[in-house]
*Asks:* 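So that we are looking at the same thing, I have put the structure below in structure tokens.
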Amino acid sequence: MNKKMMTSIKVQKLLHYKMQQRIIGDGYGMRGKSKWIIEAIEEFLQLPDFPSLADIADGMEQLTEMVSIRLSDELAVKLDKAIVQVRLQYPTMEGVKSNLIRASILQRLIRATTSVPEY
């Protein structure tokens, strides 16, 4: 059985609203929020420049909305490894895991809206 770990992050109100819209628009429904965010994290960690994108998320202000998600043990291990990579480049960054998750959400929103259709 795959164990789940609960984690919570704070996000900006507008980011939270846009995320909820996208989750519903993508057909996940609000019960699929964790799945949508998990997919965002998995995709984000594949990017070669994810540490610098996490650094950008570090500058977010007005983090007023709480988002809770269930992470599998496997994804938690991947996040732990990603934290080490970020810490190597940005040793003074606080809240690295939260920044990684926030950046994942932001990147999924951005990349979905800027994709170019293939002909």
Side-chain angles (χ1 to χ4, degrees):
M1 184 170 151
N2 194 7
K3 289 174 42 180
K4 301 281 184 176
M5 178 184 87
M6 197 68 155
T7 191
S8 297
I9 62 163
K10 286 190 170 188
V11 297
Q12 295 170 329
K13 191 171 193 162
L14 181 61
L15 180 62
H16 189 245
Y17 175 74
K18 296 277 187 189
M19 179 186 69
Q20 287 178 320
Q21 282 186 311
R22 179 61 57 76
I23 290 169
I24 292 168
D26 287 351
Y28 288 81
M30 286 316 296
R31 297 200 62 127
K33 177 183 68 174
S34 282
K35 182 178 180 182
W36 188 93
I37 295 172
I38 286 166
E39 289 173 3
I41 296 168
E42 297 267 358
E43 292 169 16
F44 180 76
L45 294 179
Q46 298 300 314
L47 299 173
D49 60 341
F50 79 82
S52 61
L53 295 170
D55 184 47
I56 294 169
D58 190 41
M60 286 186 171
E61 297 178 353
Q62 299 177 355
L63 304 173
T64 59
E65 303 296 308
M66 187 70 75
V67 175
S68 296
I69 56 173
R70 290 177 310 277
L71 302 175
S72 67
D73 283 344
E74 180 183 334
L75 184 55
V77 168
K78 287 180 184 178
L79 271 172
D80 287 343
K81 289 178 181 177
I83 289 167
V84 171
Q85 286 183 264
V86 172
R87 286 250 183 247
L88 288 172
Q89 291 184 35
Y90 304 97
T92 60
M93 183 188 292
E94 298 284 330
V96 176
K97 181 159 74 170
S98 294
N99 286 332
L100 285 167
I101 297 170
R102 271 193 290 277
S104 299
I105 293 167
L106 189 58
Q107 286 300 308
R108 183 157 189 188
L109 291 171
I110 290 170
R111 291 175 189 274
T113 58
T114 59
S115 60
V116 178
E118 293 183 31
Y119 293 99

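The first residue in the sequence is number 1, and the count goes up from there.
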*Asks:* Quick check: do I69 and M6 have side-chain heavy atoms less than 4.5 Å from each other?
*Replies:*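 Sidechains of M6 and I69: no contact.
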*Asks:* Pick out which of I83, D55, L79, D80 makes a side-chain contact (heavy atoms from CB on, under 4.5 Å) with V96.
*Replies:*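 Of the listed residues I83, D55, L79, D80, the side-chain contact (heavy atoms from CB on, under 4.5 Å) partner of V96 is I83.
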*Asks:* How long is the straight-line distance from CG of L71 back to NZ of K4, given to the nearest 0.5 Å?
*Replies:*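 One gets 8.5 Å once the value is rounded to the nearest 0.5 Å.
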*Asks:* Do the charged groups of E39 and R108 touch, with an N to O distance under 4.0 Å?
*Replies:*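 Salt bridge present between E39 and R108.
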*Asks:* Taking atom NZ of K33 as the centre, does the number of heavy atoms from other residues, nucleotides or ligands within less than 6.0 Å exceed 12?
*Replies:*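 Above 12, so yes.
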*Asks:* Under the criterion side chain to side chain contact (heavy atoms under 4.5 Å, CB included), I'd like the reasoning laid out for I9 against N99: C-alpha separation, chi angles, the key distance, then a yes or no.
*Replies:* CA-CA 9 Å; I9 62 163; N99 286 332; over 6 Å; no
*Asks:* Quick one: does E42's side chain get under 4.5 Å of K78's, heavy atoms only?
*Replies:*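 The answer is yes; the side chains approach within 4.5 Å.
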*Asks:* What's the spacing between L109 CG and I23 CD1 if we round to 0.5 Å?
*Replies:*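 Taking CG in L109 and CD1 in I23, the distance rounds to 8.5 Å.
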*Asks:* Taking only residues two or more places apart in sequence or in another chain, which ones pass salt bridge (Lys or Arg N to Asp or Glu O under 4.0 Å) with E65?
*Replies:*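 By the salt bridge (Lys or Arg N to Asp or Glu O under 4.0 Å) rule, E65 matches no residue at all.
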*Asks:* Grouping I, L, V, M, F, W and Y whenever their side-chain heavy atoms are under 4.5 Å apart, do L47 and L100 come out in a common cluster?
*Replies:*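 Hydrophobic grouping puts L47 with L100.
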*Asks:* Is it true that M5 and L45 fall in one hydrophobic cluster, defined by side-chain heavy atoms closer than 4.5 Å?
*Replies:*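 Yes; tracing contacts between hydrophobic side chains, which count when under 4.5 Å, links both residues.
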*Asks:* Can you name the nearest heavy-atom pair linking F44 to A54, along with the distance?
*Replies:*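 In this case the closest contact between F44 and A54 is CZ-N, 4.2 Å.
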*Asks:* Quick check on Q62: does its CD atom have over 12 non-hydrogen neighbours (other residues, nucleotides or ligands) under 6.0 Å away?
*Replies:*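 Open.
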*Asks:* Out of curiosity, L88 CG to Q85 CD, how far, rounded to the nearest 0.5 Å?
*Replies:*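 Between L88 CG and Q85 CD, I get 7.5 Å after rounding to 0.5 Å.
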*Asks:* Which of these passes side-chain contact (heavy atoms from CB on, under 4.5 Å) with M19: V11, L106, V67?
*Replies:*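 Option passing the side-chain contact (heavy atoms from CB on, under 4.5 Å) with M19: V67.
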*Asks:* In terms of hydrophobic clusters joined by side-chain contacts under 4.5 Å, are I110 and F50 together?
*Replies:*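 The answer is yes; both residues are in one hydrophobic cluster.
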*Asks:* Check whether any side-chain heavy atom of Q107 sits under 4.5 Å from a side-chain heavy atom of L53, and report yes or no.
*Replies:*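 A side-chain contact under 4.5 Å exists here.
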*Asks:* Which pairs with one or both residues in residues 84-99 pass salt bridge (charged side-chain N to carboxylate O under 4.0 Å, His left out), sequence neighbours excluded?
*Replies:*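 Counting only pairs at least two positions apart or across chains, no salt bridge (charged side-chain N to carboxylate O under 4.0 Å, His left out) contact touches residues 84-99.
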*Asks:* Could you tell me whether the side chain of R70 and the main chain of S34 form a donor-acceptor pair under 3.5 Å?
*Replies:*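 Flag not set: sc R70 to bb S34 has no pair under 3.5 Å.
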*Asks:* Looking at every non-hydrogen atom in both residues, tell me the closest pair between P51 and Y90 and how far apart they are.
*Replies:*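 Between these two residues, the closest heavy atoms are O-CE1, 3.4 Å.
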*Asks:* Do you know the tightest heavy-atom contact between S8 and S68?
*Replies:*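 Answer, listing the atom of S8 first, then S68: OG-OG, 2.8 Å.
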*Asks:* Is it true that L63 and Y17 fall in one hydrophobic cluster, defined by side-chain heavy atoms closer than 4.5 Å?
*Replies:*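 No, no single cluster joins them.
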*Asks:* Between the side chain of Q12 and the main-chain N/O of E61, is any donor-acceptor distance below 3.5 Å?
*Replies:*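 It does hold such a pair.
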